[in-house]
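Each remark here refers to the structure printed beneath this line.
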Amino acid sequence: MPVIFSTDPGTAEASADDLTQDNVESMRRMEAQAMDKRSRADRIAAFVATFCGSMPFVWLHVLIFCTWLGWNSWPGLRHFDPYPYTFLTLVVSLEAIFLSAFILISQNYELRVSDRRNQLDLQINLLTEQENTKTLQLLEQIAAKLGVDVSTDADLRFLKQVTHPEKLIAQIEQGQQKSPAKPPDA
C-alpha cells in the first residue's frame with residue numbers, strides 16, 4: 001500500500017495541474033504588480049513602442065507619405081515641400097530619433113524585468129540544489145540504517161556535497177578565458 005504524505009491530512013492530494021496552475025497564477029500576480037509599479041515614462045514608452053511595432057502604424061505612415069509626396073508632386077497644387085522633400089526628411093529624422101528613444105526606454109524596462117526573473121530563477125535553482133543535497137544526505141543516512149552500503153558510489157559522494165556558486169563562477173570564468181580550439185587547416 002503506497003504511503004501518501006500530505007501537509008494537511010484533511011485535504012485531497014493535489015494534482016500536478018493544480019500545482020502548475022498555482023505557479024502560473026503566482027507569476028501572473030507578480031507580473032501584474034510589476035506593471036502597476038511602472039513609472040509614467042515607462043508606461044508611455046511601452047505604449048509608443050507597442051503602437052510603433054504594429055501594422056496600423058505602418059499603414060498610417062504609408063498614408064501620410066503618399067499624401068505628402070502626392071501633394072508636393074502633383075502639378076497645379078501649391079508645393080509646401082518640393083522635391084527633394086527636405087522638410088519631409090527633417091520630419092522623418094526627428095521621428096526616428098524620438099522613436100528610438102522610446103524603444104530604448106521600453107527595452108530598458110524589459111531588461112529590468114528580465115533581470116528580476118533571472119534573479120528569481122537563480123534563487124530557486126540554488127534552493128532546489130540545496131534541497132536535493134539535503135535529500136541525498138538523508139537518503140544516505142536511511143541506507144546506512146537499513147544496512148545498504150553506498151560508500152563505493154563515487155557519484156553519490158560528489159552529489160551530496162554542498163555546491164558553492166562562487167567556485168562554479170570561477171570555473172565558468174576560467175573556461176571562458178581559454179581560447180577556443182582552432183579547427184585544423186583544410
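Just so you know, residue 1 is the first one in the sequence shown, and it goes up from there. Here the structure is a predicted model, which means the values were calculated and not measured. The figures that follow rest on heavy atoms only: side chains count, while hydrogens, waters and symmetry mates do not.
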- request: Mind running side chain to side chain donor-acceptor pair (under 3.5 Å) on Glu173 and Gln177 for me, showing each step along the way?
  value: CA-CA 6 Å; Glu173 288 173 351; Gln177 289 174 357; 5.7 Å; no
If every non-hydrogen atom of [X] is compared with every non-hydrogen atom of [Y], which pair is closest and at what distance?
| X | Y | answer |
| --- | --- | --- |
| Ala34 | Arg116 | CB-NH2, 3.2 Å |
| Ile44 | Phe102 | CG2-CE2, 3.8 Å |
| Ala41 | Ile105 | O-CG2, 4.2 Å |
| Arg38 | Ala46 | NH1-CB, 3.5 Å |

So, taking the atom named [atom1] in [X] and the one named [atom2] in [Y], what distance separates them when rounded to the nearest 0.5 Å?
| X | Y | atom1 | atom2 | result |
| --- | --- | --- | --- | --- |
| Asp149 | Leu146 | CG | CG | 13.0 Å |
| Ser106 | Arg43 | OG | CZ | 13.0 Å |
| Ser100 | Glu95 | OG | CD | 10.5 Å |
| Leu156 | Gln161 | CG | CD | 10.0 Å |
| Met30 | Glu25 | CE | CD | 12.5 Å |
| Glu140 | Asp153 | CD | CG | 9.0 Å |

task: For the pair Ser73 (side chain) and Gly70 (backbone), establish whether a donor and an acceptor sit closer than 3.5 Å, ignoring hydrogens and angles.
output: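 Absent.
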message: Could you go through Val162 and Glu129, starting from their C-alpha distance and side-chain angles, then the distance that decides it, and tell me whether this counts as side chain to side chain contact (heavy atoms under 4.5 Å, CB included)?
response: CA-CA 8 Å; Val162 175; Glu129 198 287 329; 5.5 Å; no
message: Checking side chain to side chain contact (heavy atoms under 4.5 Å, CB included) between Asp81 and each of Val91, Leu90, Asn72, which is the one that passes?
response: Asn72
Sole residue of Leu168, Asn132, Leu126 in side chain to side chain contact (heavy atoms under 4.5 Å, CB included) with Thr163: Leu168
query: Between Arg112 and Asp42, is a salt bridge (Lys or Arg N to Asp or Glu O under 4.0 Å) present by the stated rule, with each step listed?
result: CA-CA 11 Å; Arg112 289 191 306 269; Asp42 285 334; 2.9 Å; yes
query: Tyr85 and Phe87: aromatic ring centres closer than 6.0 Å?
result: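 Aromatic pair excluded; centres sit 6.0 Å or further apart.
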- prompt: Mind checking what makes side chain to side chain contact (heavy atoms under 4.5 Å, CB included) contact with Ser93, not counting sequence neighbours?
  reply: Thr89
Should [X] and [Y] be counted in the same cluster of Ile, Leu, Val, Met, Phe, Trp and Tyr side chains packed under 4.5 Å apart?
| X | Y | value |
| --- | --- | --- |
| Leu127 | Leu122 | no |
| Leu94 | Ile103 | no |
| Leu77 | Tyr83 | yes |
| Ile97 | Leu104 | no |
| Leu63 | Val92 | no |

message: Show me the pairs that pass ring pair (Phe, Tyr, Trp, His ring centres under 6.0 Å) and involve residues 36-58, at least two apart or across chains.
response: Phe51-Phe57, Phe57-His61
message: For the CZ atom on Phe80, are there more than 12 heavy atoms of other groups (residues, nucleotides or ligands in this structure) within a distance under 6.0 Å?
response: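 Above 12, so yes.
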message: Quick check: do Leu120 and Met27 have side-chain heavy atoms less than 4.5 Å from each other?
response: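 They are in side-chain contact.
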- prompt: Between the side chains of Glu131 and Thr135, is a donor N or O closer than 3.5 angstrom to an acceptor N or O?
  reply: no
Test item: side-chain donor near acceptor, Asn125 and Thr128, under 3.5 Å: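 No, no side-chain donor-acceptor pair sits under 3.5 Å.
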- request: Run the numbers on Glu110 and Ser114 for side chain to side chain donor-acceptor pair (under 3.5 Å), then give the verdict.
  value: CA-CA 6 Å; Glu110 291 298 323; Ser114 179; over 6 Å; no
